[in-house]
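What you see below is based on every heavy atom in this structure, not just the backbone, and it leaves out hydrogens, waters and symmetry mates. Note that the structure is a prediction, hence the values are computed from the model and not measured. Quick note on labels: first sequence line is chain A, next is B, and so on, each numbered from 1.
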Amino acid sequence: MALTLDSLNPQQRAAVERTEGPVLILAGAGSGKTRTLTARMAYLIEEKGVAPENILAVTFTNKAAREMKERVESLIGSAVNGLWIGTFHSICARIMRIEAEVMGYTRSFTIYDVDDQARAVKKVISTLSVPQQLYTPKMIQNRLSRVKNQFLFPEDLYAIEDRQGLDEYLPSIYLSYQRFLKENNALDFDDLLIKPIELFKENPDIRKKYADRFRYVMVDEYQDTNKAQYLFIKELVKDHKNLCVVGDEDQAIYGWRGADISNILDFKKDYKDATVFKLEENYRSNKNILLAANAVVKNNTERLGKDLWTQRPDGEKLEVLVGQTDLDEAKKLLEKIHDEVFTRKRSFKDIAILYRTNAQSRIIEDTLRRNAISYKLVGGVKFYERKEIKDIVSYLKLIVNQRDSIALKRIINFPLRGIGDTTVGKIEKFSELEQIPLFEGLGRVEEVASISPAMSQRVTGFYNLITKFIKLSTEISAVELASTLAAESGIMHHYQTEYDQYESESRVQNIQELFRSIEEFDERRREEGREADLESFLEEVSLMADIDRMNTEDNSVTLMTLHAAKGLEFPVVFITGLEMGLMPLQRNSANLNELEEERRLMYVGMTRAEERLYLSMSRSRRRNNSFNKTMPSLFLDEIPRDLLHVTGYNSASASSDYGRSRRHKTKVKSYLTREVENQSTDDTYKVGQKVYHATFGKGIVRQLEGQGDRMKISVDFTDEGITKKLIKEFANLTPLEE
DNA sequence: CAGCTGTATCTTTTT
DNA sequence: GATACAGCTG
């Protein structure tokens with residue numbers, strides 16, 4: 001079956017056919033970038049006769065990788081084996097799994113996530129003379145990660161003269177931290193990127209092996225690559241230069257993670273004879289949406305500049321929703337969802353609600369749940385970060401890699417076995433003295449003088465349990481191992497008998513879901529003809545983003561952060577919380593680069609929408625436990641007035657207010673102040689007043705005591721049949737009109 | 001010395 | 001509104 005490129009436009013097609021040498025595809029939002037990339041892979045295989053194993057494709061999420069592989073297979077009409085496609089982290093982990101010994105690890109190395117990393121940092125700084133009250137583990141963690149992303153080593157940091165503040169301690173922390181990881185046979189997320197580069201630099205023959213294998217390299221979302229990722233790719237392609245990168249500088253939103261936008265801006269300098277293709281026709285969004293998004297992003301200065309256009313219809317205007325409070329905002333979203341689904345006959349799964357911070361989801365979730373609208377939440381507390389899952393995963397990690405002291409310490413006394421911190425501390429000291437891994441120390445607990453026989457028996461019990469499972473792990477399947485383990489360790493029993501019935505059920509369910517996902521992993525790997533050992537499963541778990549687990553089948557509304565929405569599209573999109581300080585989010589000082597990144601984030605959000613885009617805000621919002629009045633986001637100002645339709649309470653004044661807010665800031669402020677004052681006058685609630693509460697539902701005010709924010713309000717909640725006494729400041733009640 | 005209970009402290013975005 | 005840590009109790 002011959003491959004047809006007829007469905008591509010001339011630019012896309014040209015980019016597909018240019019298979020040799022460096023290629024930069026500047027692909028605007030919705031310009032068919034995935035289609036182009038997949039067509040290019042299919043073209044290489046089908047038309048150029050390139051073997052799939054000679055192609056490496058890097059995507060931003062595992063989900064994108066999966067989808068791309070499927071699309072290539074459907075273009076070609078048969079299964080594609082041997083193609084390497086995945087995220088930087090998963091590809092690097094795969095290489096490290098093969099080459100671990102060369103770099104001084106075993107192939108059973110553990111991958112440390114942020115939580116493990118924090119524990120490691122804590123452990124390390126406790127042994128150094130770092131003023132701990134001045135620098136939190138989290139600060140240190142961020143700095144370390146940033147430095148590593150820039151491919152800097154401790155010696156580079158030592159070389160910097162006159163180091164101030166944290167920089168004074170950073171090099172020695174870095175050095176000890178790396179030593180700690182190695183002792184634990186562990187790599188953190190950043191190591192996954194760095195180690196392969198070191199490997200390539202120190203072992204030219206190994207570099208050559210991979211460079212020869214990957215004759216054609218493609219990188220998606222190139223604007224979000226960091227220095228280490230840039231170097232990794234560079235090592236691979238420096239002989240043949242067959243590198244095709246795709247990206248959009250307007251969608252660079254990971255600067256805070258060390259992504260360097262100049263990787264894409266300077267691509268032509270790095271790869272001298274690069275051919276550049278621009279994809280500027282947008283196939284996704286209606287004209288009004290695209291015009292609005294363009295109008296916002298054109299306020300940025302760091303751009304290569306594209307002119308995105310569309311042949312699609314104008315569509316409706318963008319609707320601006322203004323709530324009085326965050327709860328009110330959520331209810332306005334709800335109304336519009338009802339409207340879209342019941343009047344306009346759309347499906348719930350066509351709708352996405354986006355926000356800047358995860359914390360914003362709760363109030364929206366509550367409102368949706370109260371109204372029986374099913375939703376799926378991406379991000380927040382991620383599945384594999386749930387306590388009950390991490391417990392079991394930690395057992396598995398220790399079984400696979402006994403040098404992992406972080407996993408060990410997490411579970412040695414969970415479920416409770418009467419082995420406390422003091423005992424662990426003693427064994428730790430003993431192990432350090434003997435220069436053996438902590439786990440080995442457990443096996444020799446009797447040699448630790450200060451530990452009583454009764455206590456060492458408990459420790460030995462734990463040691464024997466793990467040893468038994470290490471042996472079992474070579475005999476039974478991963479699922480069997482995990483479920484036997486959950487039973488015999490007492491974890492299952494612990495959660496089944498938990499005090500809170502509801503919590504207990506959901507935890508047990510999650511554990512069962514974990515077993516299912518191990519089984520699925522097993523099947524999937526077998527189909528691909530790859531190994532399905534426990535190590536690979538744990539690796540997948542470590543590198544799995546929440547978005548990768550997103551199910552697009554079931555008919556429910558999607559809730560996620562603007563970051564998580566990158567690369568996705570929905571017929572109807574809500575961007576919520578469009579207020580100064582929240583979107584754009586402001587920390588400390590307003591720095592211009594940060595503002596531009598926030599603006600790009602806004603642009604990413606807007607360009608997710610195909611047909612309808614709602615922009616919502618609230619005039620007051622509860623943040624950090626206090627209720628604050630808000631100012632409309634400046635991004636709303638940047639959208640031409642005639643593309644907007646403002647609805648909601650008091651819409652006329654709202655729209656004119658932020659339409660002029662730049663020139664008339666004082667006026668806006670006074671207006672908003674007035675609004676908020678109106679809200680907090682004491683006649684908001686009177687006896688007999690109908691109110692709404694996110695958790696308890698509708699109710700009637702029965703009694704009022706005291707004044708102001710401290711006022712106590714007694715409410716009969718009709719749905720629940722209960723009476724509650726609430727403090728006004730925290731009650732989060734909304735008055736309902738009669 | 002383990003385990004429980006109450007308080008402090010947050011919440012940017014993620015592989 | 002959840003988690004981590006300090007401090008108390010048995």
Review point. How long is the line joining CZ of Arg458(A) and P of dA2(B), in whole Å?
Key: 8 Å
Point to revise | Lys33(A): partners by salt bridge (charged side-chain N to carboxylate O under 4.0 Å, His left out), with sequence neighbours left out | key: Asp220(A), Glu221(A)
Point to revise | Nucleotide nearest Thr87(A) when distance is taken to its side chain, options dT15(B), dT12(B), dA2(C) | key: dT15(B)
Practice item. Let me know the distance between NZ of Lys148(A) and P of dT14(B), rounded to the nearest Å. Key: 21 Å
Restricting both atoms to N or O, compile the protein contacts to nucleotides 7-10 of chain C shorter than 3.5 Å, with distance only.
none

Exercise for review: May I ask you to test the Asp188(A)-Lys148(A) pair for a side-chain heavy-atom distance under 4.5 Å?
Suggested key: yes
Practice item. Say whether, by atom type as modelled, one donor and one acceptor occur between the side chain of Gln223(A) and the main chain of Ile264(A) under 3.5 angstrom. Key: no
Review point. Roughly how many Å is it from CG in Asn62(A) to P in dT14(B), rounded to a whole number?
Key: 15 Å
Practice item. Give one of base, sugar-phosphate or nothing for Arg362(A), where a contact means two heavy atoms less than 4.0 Å apart. Key: sugar-phosphate
Point to revise | Ring centroids of Trp256(A) and dT13(B) base under 5.5 Å with planes under 30° | key: yes
Check your understanding: Could you state the NZ-C1' distance from Lys426(A) to dC1(B), rounded to the nearest angstrom?
Key -> 8 Å
**Study point:** Residues forming a side chain to side chain donor-acceptor pair (under 3.5 Å) with Thr357(A), sequence neighbours excluded
**Key:** Gln360(A)
**Study point:** Under-4.0 Å side-chain N/O to phosphate OP1/OP2 contact, Asn358(A) with dT14(B)
**Key:** yes
Point to revise | Pairing residues for Gln251(A) by the side chain to side chain donor-acceptor pair (under 3.5 Å) criterion, not counting sequence neighbours | key: Asp248(A), Arg608(A)
Exercise for review: Look at the side chain of Lys138(A) and decide which nucleotide, out of dT12(B), dT11(B), dT15(B), has an atom nearest to it.
Suggested key: dT11(B)
Check your understanding: Asn413(A) side chain N/O closer than 4.0 Å to the phosphate oxygens (OP1, OP2) of dA2(B)?
Key -> no
Check your understanding: What pairs of residues pass the salt bridge (Lys or Arg N to Asp or Glu O under 4.0 Å) test when at least one of them lies in residues 253-262 of chain A, not counting sequence neighbours?
Key -> none
Check your understanding: Rounding to a whole Å, what distance do you find between Asp190(A):CG and dT15(B):C1'?
Key -> 9 Å
Check your understanding: Any salt bridge between Arg362(A) and Glu365(A), counting N to O under 4.0 Å?
Key -> no
**Study point:** Contacts of Tyr375(A) that satisfy ring-ring contact (aromatic ring centres under 6.0 Å, His included) - sequence neighbours left out
**Key:** none
Review point. In whole angstroms, how far is the P atom of dT13(B) from the CG atom of Leu354(A)?
Key: 14 Å
Practice item. Mind telling me whether Phe232(A) and Phe200(A) have parallel, tilted or perpendicular rings, with 30° and 60° as the class edges? Key: parallel
Exercise for review: With a 4.0 Å heavy-atom cut-off, tell me which residues in residues 414-422 of chain A come close to DNA chain B, sorted by residue number.
Suggested key: Leu416(A), Gly418(A), Gly420(A), Asp421(A), Thr422(A)
Practice item. Pick base, sugar-phosphate or nothing for Ala359(A), based on heavy-atom distances below 4.0 Å to the nucleic acid. Key: nothing
Review point. Using Watson-Crick pairs (N1 to N3, plus N6-O4 or O6-N4) and G-U wobble pairs, both distances under 3.5 Å, which stems of at least 3 pairs involve DNA chain C?
Key: B:1-10 with C:1-10
Tabulate protein N/O versus nucleotide N/O from nucleotides 3-5 of chain C, keeping only pairs under 3.5 Å, one per line.
from   : atom 1 : to        : atom 2 : distance (Å)
dC5(C) : OP1    : Lys122(A) : NZ     : 2.8

Point to revise | Any residue meeting ring-ring contact (aromatic ring centres under 6.0 Å, His included) with Phe151(A), in chain and number order, not counting sequence neighbours | key: Phe153(A)
Practice item. Round to the nearest Å and state the distance from Leu582(A) atom CG to dT12(B) atom P. Key: 11 Å
Review point. What is the nucleic acid contact for Tyr254(A), judged by heavy atoms within less than 4.0 Å: base, sugar-phosphate only, or nothing?
Key: sugar-phosphate
Exercise for review: Look at the side-chain N and O atoms of Thr61(A) and state whether any lies under 4.0 Å from the OP1 or OP2 oxygen of dT15(B).
Suggested key: no
Exercise for review: Verify, without hydrogens or angle tests, whether Arg417(A) (side chain) and Phe462(A) (backbone) share a donor-acceptor contact under 3.5 angstrom.
Suggested key: no
Practice item. Answer yes if the ring centres of Tyr222(A) and Phe60(A) are under 6.0 angstrom apart, and no otherwise. Key: no
Review point. Within the structure, does a side-chain N or O atom of Thr423(A) lie under 4.0 Å from either OP1 or OP2 of dC1(B)?
Key: no
Exercise for review: Indicate whether OP1 or OP2 belonging to dT15(B) is found under 4.0 Å from a side-chain N or O atom of Arg257(A).
Suggested key: no
Practice item. For Ser450(A) and for Asn142(A), find the nucleotide of DNA chain B with the closest heavy atom, then tell me which residue's nucleotide is more 5'. Key: Ser450(A)
Practice item. Please work out if Met455(A) contacts a base, only the sugar-phosphate, or nothing of the nucleic acid, heavy-atom cut-off 4.0 Å. Key: sugar-phosphate
Practice item. Output all residues satisfying side chain to side chain donor-acceptor pair (under 3.5 Å) with Ser536(A), sequence neighbours left out; order by chain, then residue number. Key: Asp533(A)
Check your understanding: Of all residues at least two apart in sequence or in a different chain, which pass the side chain to side chain donor-acceptor pair (under 3.5 Å) check with Asn413(A)?
Key -> none
Study note, to complete from the structure: Taken to the nearest whole Å, CG/Leu187(A) to P/dT15(B) is 18 Å
Exercise for review: Look at the side chain of Thr607(A) and the backbone N and O of Ala293(A), then say whether any donor-acceptor pair between them is shorter than 3.5 Å.
Suggested key: no
